[in-house]
Each structure stands twice: as C-alpha cells, then as structure tokens.
> 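There's a structure below that I have some questions on.
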Amino acid sequence: MRRPTPALAALPLSVLMLSSCAQPPEEGAEGAGEAGLGGGPVQNQLNIATGGSTGVYFPLGGALGTIIEENIEGQAGTAETTGASVENIRLLGGGEAHMAIVQGDAADQAFTGTADFEGAPVETYSLAVLYPNVFHAVTLQSTAESEGLECFSDVVGTRYSVGAVGSGNEATTNQVFQSLEIAQDEIELDQLGYAETAAALSNGQLDAGSWVVGQGHAGITELATTEDIHIIGMCEDERSAVVDGYGGYTEHTIPGGTYPDVDEDVETIAVWNALVVSGEFNEDQAYEITSAMFEHIDQIVSVYGPGEEYLVPETIANSPVPVHPGAVRFYEEQGIEIPEDLRP
C-alpha cells in the first residue's frame with residue numbers, strides 16, 4: 001500500500017485506484033510505441049498540453065516551459081491551450097503533444113481503457129504528481145435558495161454545465177453522476193468551459209456548473225467578486241458513494257474564506273493532477289526535466305501558491321499511472337522509494 005507523507009495524509013488514496021493503476025494496458029494501447037519504453041528521440045521543442053487560458057494548468061505549463069528553456073541546453077517548452085485532461089491524453093497518444101498535465105482519474109481511465117477510453121487505451125507515465133483538483137459545484141446564492149440546493153444530488157432537474165467537451169472536468173462530473181446514480185437525462189445538461197459557465201450563471205442561463213480545479217481557482221474568485229456565489233457541498237452519503245466508487249477520488253474540505261463571501265467550510269471530493277508523457281518519451285530527457293522542475297519548483301509555486309505543500313518529490317506516491325523510468329531515476333536519487341505498483 002502506498003504511504004503518503006504526513007502533509008498528504010488528509011487526502012488518502014482509494015484502494016481501487018491503487019489496484020487499477022497497476023493493471024497493464026490492453027493490447028494495442030498507444031503509448032510506448034515501436035521505440036520502446038524511454039527509447040524515443042530527444043524532443044528539442046516540447047509541446048505541453050495544458051487546459052483553458054483561465055485555468056491553473058496553462059500557467060503551470062508556461063512555468064514548466066520556462067524552466068526547461070532556461071535550464072536544459074537546446075530544449076524549449078511551449079504551453080498549449082486545450083480542452084484539458086481527456087483531450088491532452090489523446091494528443092499525447094497521437095503524438096501531437098509531448099507532455100501533458102492531466103487529472104489522475106482521466107490518466108487511470110486511459111491507461112486501463114475505460115470510460116472515455118473504452119476500447120482505445122492510451123498508455124501514459126508520470127514525471128510528477130502536482131496537487132489535488134477539487135470538485136466545486138458552483139451556483140449563485142439566489143439560485144441555491146430558490147432551488148433548494150443543499151446537497152449535490154439536489155441538482156437533479158436543474159440546468160447544469162459539466163465542463164468543456166473532452167475535458168477532465170466533464171469526465172469527473174460524469175463519474176460523480178454515475179456514482180450517485182444520477183442519469184444525465186435527469187438534468188438539463190450543458191458542456192461549457194469555465195469562462196462560459198461563469199457567464200451563463202451571471203446571465204441566468206444556467207443554474208449550476210462544475211469546476212474541477214485547484215483550490216482558490218481564479219475563475220471562481222473572479223465570479224465571486226461580481227456575484228454572490230454558493231458552492232454546493234456533497235453530503236456525507238454522497239461523498240462516501242463517490243470515494244467508494246471508481247476513479248480514485250478522496251474526500252476534501254474547502255476551508256471557509258477560500259472564496260469571497262463563502263464563509264463556511266464546504267465538504268466535497270478531490271482528485272490528484274499529474275504531469276505525464278508517453279511511454280517512448282526519451283529516458284534521459286525525462287530525468288533532466290523532472291530534475292530541473294524540482295530544482296526550480298519556486299517558479300511553479302509562483303503561479304499556483306496553493307499547491308506549495310504538495311509540490312514536493314514525495315507526492316509521486318499518489319501517481320495514478322506508473323512512473324516513467326527517467327523520473328524513477330530522479331526520485332531514487334532523492335531517496336524516495338517508488339512503490340512496486342508504480343514501477344514501469
């Protein structure tokens with residue numbers, strides 16, 4: 001069993017996630033390719049698949065690209081805006097991206113060929129685990145009162161945005177619905193990005209929507225400066241159903257005061273984010289990038305301060321997929337033992 005560091009103990013991993021991430025990909029999975037694990041050529045210009053321009057992934061990818069360019073001779077990285085996790089993994093599988101920031105549930109589903117990747121698995125490997133993405137079900141205070149939105153399941157019958165098409169946000173929200181046995185035809189469903197969801201809430205075109213993002217997300221904070229928002233918590237039985245279900249989720253508390261005028265703690269769930277590459281990503285390059293990232297982790301923290309306590313090498317124990325052999329070399333040099341179920 002993986003043992004998180006004391007700082008991570010508040011977010012224990014589910015047993016299901018531990019067992020599922022160790023399963024080999026189905027025959028025909030994309031990932032390692034003909035070059036073999038770690039045997040691909042060095043990429044001098046790296047495309048880093050991130051997410052929308054207003055999310056956390058994009059500035060993280062930008063900071064990582066700067067670290068690569070400033071500290072690894074002959075290499076540069078560029079953050080690319082995308083629909084986030086599910087699309088990012090498909091871009092990796094198709095060779096259109098070299099690195100990607102993704103949610104752990106999407107990475108696990110891709111590796112095992114389930115959910116959005118059923119019949120079309122994509123084999124990816126972690127360079128690092130970053131921070132937990134927190135499930136925010138956001139509405140306006142006036143809507144919460146008029147619709148009686150006290151527990152998450154109360155969104156049945158409302159106009160709800162699950163996130164952009166092909167995003168990890170959509171995948172997580174759909175998994176939450178499934179775990180809570182909420183059929184999609186019970187909701188007037190929209191597939192909007194964060195900015196579009198915020199605008200639709202403000203314009204009265206939407207009742208609520210999901211942000212599966214780092215705690216303290218700028219988009220939610222910005223919405224809260226112009227509107228009285230409410231974050232719909234998950235009641236105890238709902239949290240248990242989601243955590244005990246598929247996807248490797250953990251319980252999480254959003255402390256009161258994280259967002260303007262949201263003064264009470266909000267109980268919800270979370271999922272870890274990871275920096276992943278394809279199996280054939282060059283082993284020496286993977287080692288150099290992982291090493292440079294942690295040597296200059298202050299540049300990552302500068303664009304996402306709430307992640308500081310998690311942005312340490314020990315967090316690799318929470319990886320949703322096996323660790324790339326180049327990264328394994330870095331962690332072992334730091335004295336960090338990689339669990340057997342995470343060794344490539």
> Name all pairs fulfilling the salt bridge (charged side-chain N to carboxylate O under 4.0 Å, His left out) condition that reach into residues 176-192, sequence neighbours left out, sorted by first residue then second.
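Of all non-adjacent pairs touching residues 176-192, none passes salt bridge (charged side-chain N to carboxylate O under 4.0 Å, His left out).
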> So, N44 and Q75: side-chain donor and acceptor under 3.5 Å apart, yes or no?
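No - no donor-acceptor pair under 3.5 Å links their side chains.
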> Which heavy-atom pair separates N282 from G40 by the least distance, and what is that distance?
ND2-O, 2.9 Å
> Taking all non-hydrogen atoms of both residues into account, name the closest pair between V321 and S126 and its distance.
CG2-OG, 3.5 Å
> Spell out, as yes or no, whether a donor-acceptor pair under 3.5 Å connects the side chain of E170 to the backbone of Q191.
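Side chain of E170 to backbone of Q191, a donor-acceptor pair under 3.5 Å: no, none is there.
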> Taking E87 for the side chain and G83 for the main chain, is one N or O donor matched with an acceptor at less than 3.5 Å?
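Such a contact is found between E87 side chain and G83 backbone.
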> Would D284 and R329 pass as an ion pair if we require N to O under 4.0 Å?
yes
> Ignoring hydrogens and angles, tell me if any N or O in the side chain of D263 forms a donor-acceptor pair with the backbone of G257 under 3.5 Å.
no
> For the residue pair Q215 and H252, confirm or rule out a side-chain donor-acceptor distance under 3.5 Å.
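Distance-only check passes for Q215 and H252.
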> Can you name the residues that form a side-chain contact (heavy atoms from CB on, under 4.5 Å) with P344, not counting sequence neighbours?
L37, Y125, P325, V328
> Check whether S167 reaches the backbone of G163 with its side chain - one donor and one acceptor, N or O, closer than 3.5 Å.
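Pair absent, no side-chain N/O of S167 close to backbone of G163.
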> Do S278 and E123 get their side chains close enough for a donor-acceptor pair, meaning under 3.5 Å?
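No, E123 and S278 have no side-chain donor paired with an acceptor closer than 3.5 Å.
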> Is it true that a side-chain atom of T143 and a backbone atom of D207 form a donor plus acceptor pair closer than 3.5 Å?
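Looks like no, no N/O pair under 3.5 Å.
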> Among E295, E288, H296, Q299, which residue meets the side-chain hydrogen bond (donor to acceptor under 3.5 Å, both in side chains) test with N71?
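It is H296; the other options fail the test.
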> Quick one about T172 and D105 (side-chain donor to acceptor, distance below 3.5 Å, no hydrogens or angles considered), yes or no?
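The criterion, which ignores hydrogens and geometry beyond distance, is satisfied for T172 and D105.
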> Identify the two heavy atoms, one from G204 and one from R159, that lie closest to each other, and give their separation to 0.1 Å.
O-NH1, 3.0 Å
> Are V271 and W211 connected in a single hydrophobic cluster, I mean Ile/Leu/Val/Met/Phe/Trp/Tyr linked by side-chain heavy atoms less than 4.5 Å apart?
no
> Write out all pairs satisfying disulfide (SG to SG under 2.5 Å) with one or both partners inside residues 58-135, taking only residues at least two apart or from two chains.
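Applying disulfide (SG to SG under 2.5 Å) to every pair that reaches into residues 58-135, excluding sequence neighbours, yields nothing.
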> Would you say T290 and Y331 are linked by a side-chain donor-acceptor pair, where the criterion is simply a distance under 3.5 Å?
no
> Kindly write out the residues that satisfy ring pair (Phe, Tyr, Trp, His ring centres under 6.0 Å) with Y287, not counting sequence neighbours, or none if the list is empty.
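If we apply the ring pair (Phe, Tyr, Trp, His ring centres under 6.0 Å) test to Y287, skipping adjacent residues, there are no hits.
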> State whether a side-chain donor-acceptor pair under 3.5 Å links S153 with E238.
yes
> Ignoring hydrogens and geometry, is there a side-chain-to-backbone donor-acceptor pair from S319 to I316 under 3.5 Å?
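Answer holds: no.
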> Does the H324 side chain pair with the main chain of F281, one donor and one acceptor, at a distance under 3.5 Å?
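Answer holds: yes.
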> How are the rings of F330 and F294 set relative to one another: parallel (under 30°), tilted (30 to 60°) or perpendicular (over 60°)?
parallel
> Hydrogens and angles aside, do N169 and S210 bring a side-chain donor and acceptor to less than 3.5 Å of each other?
no
> List the residues meeting ring pair (Phe, Tyr, Trp, His ring centres under 6.0 Å) with F117, not counting sequence neighbours, and say none if there are none.
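Listed in chain order: nothing, the list is empty.
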> Without hydrogens or angle criteria, can the side chains of T114 and Q109 be said to hold a donor-acceptor pair below 3.5 Å?
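No donor-acceptor contact under 3.5 Å links the two side chains.
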> In chain order, what residues pass the side chain to side chain donor-acceptor pair (under 3.5 Å) check against H136, with sequence neighbours excluded?
Y259
> List the atom of I48, the atom of G61, and the distance in Å for their closest heavy-atom pair.
CD1-O, 3.7 Å
> Determine the minimum heavy-atom distance between S202 and L223, stating which atoms define it.
OG-CD1, 3.5 Å
> Would you say Y57 and N88 are linked by a side-chain donor-acceptor pair, where the criterion is simply a distance under 3.5 Å?
no
> Which heavy atom in R90 sits nearest to a heavy atom in D116, and how many Å separate them?
NH2-O, 2.9 Å
> Output yes when E332 and R343 qualify as a salt bridge under the 4.0 Å nitrogen-oxygen rule, no when they do not.
yes
